[in-house]
Amino acid sequence: MSGSLVLANVRLPSDPSRPTDVCISDGRIAARPATDAEVVDGEGGLLLPGFVDSHIHLDKAGILCRCQLHDGTLAEAIRATAAAKRGFDEIDIYRRGAAVLERAISHGTTHMRVHVELDPGIGLRGYQAIKRLKRDYAWGIDLQLCVFPQEGLLNNPGTEELLRAALEDGADLLGGCPYTDSDPEGQIERLFAMAREYDVDLDFHLDFDLDPADMTLPAVIRATRANGWGGRVAVGHVTKLAMLGGERLDAIAEALAAAGVALTALPATDLYLMGREYDRAVPRGVAPVHRLHAAGVRCALATNNIANPFTPFGDAQLLRMANLYANVGQLASDTDMEACLSWITASAARLMRLDDYGCAIGDRADLVVVDAESPADAVRSIAPVRLAFKNGRLSMRRPAAQLRYPPGFGCGGH
């Protein structure tokens, strides 16, 4: 935990026109400065709560160079990653994950939910590597570890035992991937039973294609209600929703909100993988977060993958993801931009059930200062993060770019 400091000359989202000072003491935003407080100049930047990445895979990041891609489909990505995974060891996973975490910290991410694959092939190697990363990078970012069966549960003997071992070792929550199981609804039922047994939240990979038939989302909603797990369940991808509209989408949005099931869209991955069967008018294939949000669903945008067969690009910059979704959703107003920002800040924090998150007195001082005029401008411009703080400690500083004008520039009307 840090001591005291004053973050001087920053602008708050509630009143971005007026610079102010923010006091930090013992890792939290304070009402008054301590007499011995260090002063950090925010240089007029916009203060925001740290960014929240609610869905990312560190164990399979950075493996693109090990895979041969041909058709770019989801099935190929699953096959290629499964083959590459056979060569993973704990050191390899740690190093690749650390590279992503350092990028994320440099772009202002202070909280992250990491989905970790467990199966008899990989065993607990990935979990142990990410557990070490959680410990070693706590100075800059908090990790939630979500263990899940990427390659099936009921059809993959030995996987449940590994999930249980990780939960007993302290894994934070349990994930699912019903579309890879021989019995998708059976997997959902089994995971809810385990979640109740271990008293953990659930986060599912779900309905990851563009055929609106045979959705498993209704089964998750039913199970959430039946088990009294409202507010403790999230679903990711759900790209089938991109093919719905009108009353059917409205009904699903209402059911999600009523049941307390949150949703994370993964724009980069979903845009890359979905719609490859079309040769014209290709669907975007991204769940309509703005419509779900308007219906009261807790929503988030997240990274998912970086430099692997599921997403062969990425830099762990969540403001870029918010901007990407604004393009996909054809959003333009300040209110729309502020909603996009909420899906990587406050709304994502609620999805992850983070306590004391925000910019108010008493909140944890997990903060970023961005080079933007307003919250809407931060999304529109993919604003650079200048400073980041974790538990009140300066964890990252990025100097502003300096242009080197030639002699005489500005004369003659410039």
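Treat the numbers as computed from the prediction; the structure is a model and nothing was measured.
A donor-acceptor contact shorter than 3.5 Å links the side chain of Asp181 to the backbone of Leu154. Side-chain atoms of Gln187 come within 3.5 Å of backbone N or O of Cys177 as a donor-acceptor pair. Side-chain N or O atoms of Asn308 include one that pairs as donor or acceptor with a backbone N or O of Lys60 at under 3.5 Å. Of the possible donor and acceptor atoms, none in the side chain of Thr303 sits under 3.5 Å from a partner among the backbone N and O of Ala316. For Arg320 (side chain) and Ile382 (main-chain N/O), no donor-acceptor pair under 3.5 Å exists by modelled atom type. Here the side chain of Tyr325 pairs a donor or acceptor atom with the backbone of His290 at under 3.5 angstrom.
Contact annotation: the side chain of Asp201 never approaches that of Gln144 to less than 4.5 Å [non-hydrogen atoms, C-beta and beyond]. The side-chain heavy atoms of Ile56 and Val100, taken from C-beta on, include a pair separated by under 4.5 Å. Within the 4.5 Å cutoff, the side chain of Phe204 has no heavy atoms near those of the Val238 side chain. Between Leu263 and Leu241, some side-chain heavy-atom pair lies under the 4.5 Å cut-off.
A donor atom on one side chain and an acceptor atom on the other are not found under 3.5 Å apart for Asp119 and Thr159. A donor and an acceptor atom, one from each side chain of Glu102 and Tyr137, are located under 3.5 Å apart. Residues Ser333 and Asp336 bring a donor and an acceptor atom of their side chains to less than 3.5 Å of each other. Using modelled atom types, one finds a donor on one side chain and an acceptor on the other under 3.5 Å when comparing Tyr127 with Asp169. Residues Arg164 and Tyr198 have side chains that bring a donor and an acceptor to within less than 3.5 angstrom of each other.
Using the six-membered ring where Trp is involved, His205 and His57 have ring planes that are tilted, between 30° and 60° apart. In this structure, Phe313 and Tyr272 have perpendicular ring planes: the angle between them is above 60°, well past the 30° mark.
For Thr269, the side chain to side chain donor-acceptor pair (under 3.5 Å) test picks out Asn304, Thr311, with sequence neighbours left out. Residues satisfying the side chain to side chain donor-acceptor pair (under 3.5 Å) criterion with Asp211, sequence neighbours excluded, are absent altogether.
Smallest separation of non-hydrogen atoms from Met396 and Arg398: SD-N, 3.6 Å. In terms of heavy atoms, Ala166 sits closest to Leu118 at CB-CD1, 3.8 Å. Arg113 and Ser54 get closest at one heavy-atom pair: CB-O, 3.3 Å. Between Ala61 and Arg96, the shortest heavy-atom contact is O-NH1, 2.6 Å. Nearest heavy atom pair, residue Gly175 against residue Leu191, reads O-CD1, 3.5 Å. The minimum heavy-atom distance between Ile188 and Ala219, with the atom names listed, is CD1-CB, 4.0 Å.
Ion pairing of Arg276 with Glu76 is absent here, as no side-chain N (NZ or NE/NH1/NH2) approaches a carboxylate O to less than 4.0 Å. At a threshold of 4.0 Å, the pair Lys134-Asp172 counts as salt-bridged, since one of the basic side-chain nitrogens sits closer than that to a carboxylate oxygen. A salt bridge is absent between Lys85 and Asp92; no separation between the charged side-chain nitrogens and carboxylate oxygens falls under 4.0 Å. Between Asp41 and Arg386, none of the side-chain N atoms (NZ, or NE/NH1/NH2) sits under 4.0 Å from a carboxylate O, so this pair counts as no salt bridge. With respect to the salt-bridge test (charged N to carboxylate O, under 4.0 angstrom), the residues Arg364 and Asp355 do not qualify.
Tested against Phe51, the residues Leu341, Asp366, Thr110 include a single side chain to side chain contact (heavy atoms under 4.5 Å, CB included) partner, Leu341. Of the candidates Leu74, Leu206, Asp270, His237 forms a side chain to side chain contact (heavy atoms under 4.5 Å, CB included) with just one, namely Asp270. Paired with Glu90 under the rule salt bridge (Lys or Arg N to Asp or Glu O under 4.0 Å), one option of Arg95, Lys131, Arg125, Arg132 passes, and it is Arg132.
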Steps toward side-chain contact (heavy atoms from CB on, under 4.5 Å) verdict (Asn227, Val233): CA-CA 11 Å; Asn227 288 277; Val233 179; over 6 Å; no
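Rounding to the nearest 0.5 Å gives a distance of 10.0 Å between CG of Asn327 and CG of Leu271.
The aromatic ring centroids of Trp229 and Phe192 lie 6.0 Å or more from each other.
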